[in-house]
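Here the structure comes first, spelled out in structure tokens, and everything after it is commentary.
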Amino acid sequence: AQKITQTQPGMFVQEKEAVTLDCTYDTSDPSYGLFWYKQPSSGEMIFLIYQGSYDQQNATEGRYSLNFQKARKSANLVISASQLGDSAMYFCAMREGANAGNNRKLIWGLGTSLAVNP
Amino acid sequence: DAGVIQSPRHEVTEMGQEVTLRCKPISGHNSLFWYRQTMMRGLELLIYFNNNVPIDDSGMPEDRFSAKMPNASFSTLKIQPSEPRDSAVYFCASSLRFANTEAFFGQGTRLTVV
């Protein structure tokens, strides 16, 4: 079974509008972390935002915010005021055992391709 | 900080040849990850190290793949012999060892095996 599901292979948004990229996850571990990365056409992977399972508030980083709904096991990325430079692939990832002493591997979704139209 | 440095950026090789990909993690990071990305399979974790010790290599496709981390500042991923199906972008990433920290990725190595 998929542990990270991104149901939108491709999304379009008009410049300056907000867009939500969906991510649902599956884990029985009460302690986990959720990450979003951006991959522009140049290929590098860029970290955007992190949400811990015990965090009381939704994470925000500039124009990025994470709509964390724990009961629904969803961690949607919201990009406000889209810019042309936001056109890229976006990946959701999860790490179980977020409070573990040592690092564990990230589990990745298949990504959503976002195109921002002028 | 220069970030995670991978070399080479591009590699074209003939089937059967040995390929070595190199990675220098961010100084102070003690977790290192090797990923492979293809259109068909997306991003796959091949292996990761904590404090230079391989923790999980279950993603290594087969015995043709091997990875080493002889010290905290250097890692290699070797494919011997290479096959056309190994063509992909290979990423190295590093992070602090704590599970709630993000991984920083290198620019990737685009490998083409002909």
Side-chain angles (χ1 to χ4, degrees), chain A residues 2-7 9-10 23 27 29-55 59 61 64 66 68 75 77 88-113, chain B residues 2-6 8-10 23 25-26 28-60 67 69 88-111:
Chain A
Q2 289 284 344
K3 287 215 165 190
I4 295 287
T5 303
Q6 295 181 253
T7 57
C23 173
T27 181
D29 193 328
S31 171
Y32 53 90
L34 297 155
F35 300 78
W36 277 92
Y37 282 80
K38 171 184 178 181
Q39 186 177 38
S41 58
S42 51
E44 71 270 32
M45 295 286 284
I46 303 167
F47 166 73
L48 296 177
I49 196 167
Y50 168 82
Q51 179 84 45
S53 60
Y54 294 125
D55 292 345
E61 287 286 347
Y64 304 109
L66 204 151
F68 182 45
L77 177 71
M89 283 289 290
Y90 289 82
F91 293 93
C92 178
M94 175 178 67
R95 177 176 290 133
E96 293 168 315
N99 290 336
N102 280 321
N103 224 332
R104 299 185 189 180
K105 63 183 181 183
L106 280 171
I107 303 165
W108 295 82
L110 295 179
T112 294
S113 177
Chain B
V4 177
I5 300 173
Q6 291 187 246
R9 291 292 308 279
H10 302 274
C23 175
I26 292 173
H29 282 188
N30 35 26
S31 291
L32 184 138
F33 307 83
W34 281 103
Y35 287 94
R36 177 172 69 177
Q37 187 178 37
T38 61
M39 289 293 293
M40 293 298 294
R41 294 187 297 271
L43 200 63
E44 304 172 278
L45 177 69
L46 300 177
I47 185 171
Y48 78 98
F49 298 82
N50 278 347
N51 296 319
N52 313 338
V53 176
I55 301 300
D56 184 349
D57 65 354
S58 59
M60 296 286 262
M69 193 164 185
V89 179
Y90 291 81
F91 286 102
C92 174
S94 72
S95 73
L96 295 171
R97 72 173 181 87
F98 302 108
N100 61 351
T101 57
E102 71 272 25
F104 293 83
F105 281 72
Q107 299 271 50
T109 294
R110 183 173 295 276
L111 173 66

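So you know, we letter chains A, B, ... as the sequences are listed, proteins then strands, and number each from 1.
Nearest heavy-atom pair, B:Arg41 versus A:Leu110, reported as atom, atom and distance to 0.1 Å: O-CD2, 4.3 Å. In terms of heavy-atom proximity, B:Glu102 sits nearest to A:Phe35 at CA-CE2, 3.6 Å.
Looking only at distances, a side-chain donor or acceptor of A:Tyr37 sits under 3.5 Å from a matching main-chain atom of B:Ala103.
Contact tally against chain B (heavy-atom pairs below 4.5 Å) for A:Glu44, A:Met45, A:Met89: the top residue is A:Met45.
Listed by chain and residue number, A:Trp108, B:Phe105 satisfy the ring-ring contact (aromatic ring centres under 6.0 Å, His included) test with B:Tyr35 (two or more places apart in sequence, or in another chain). Residues forming a side chain to side chain donor-acceptor pair (under 3.5 Å) with B:Gln37 (at least two apart in sequence, or on another chain): A:Gln39.
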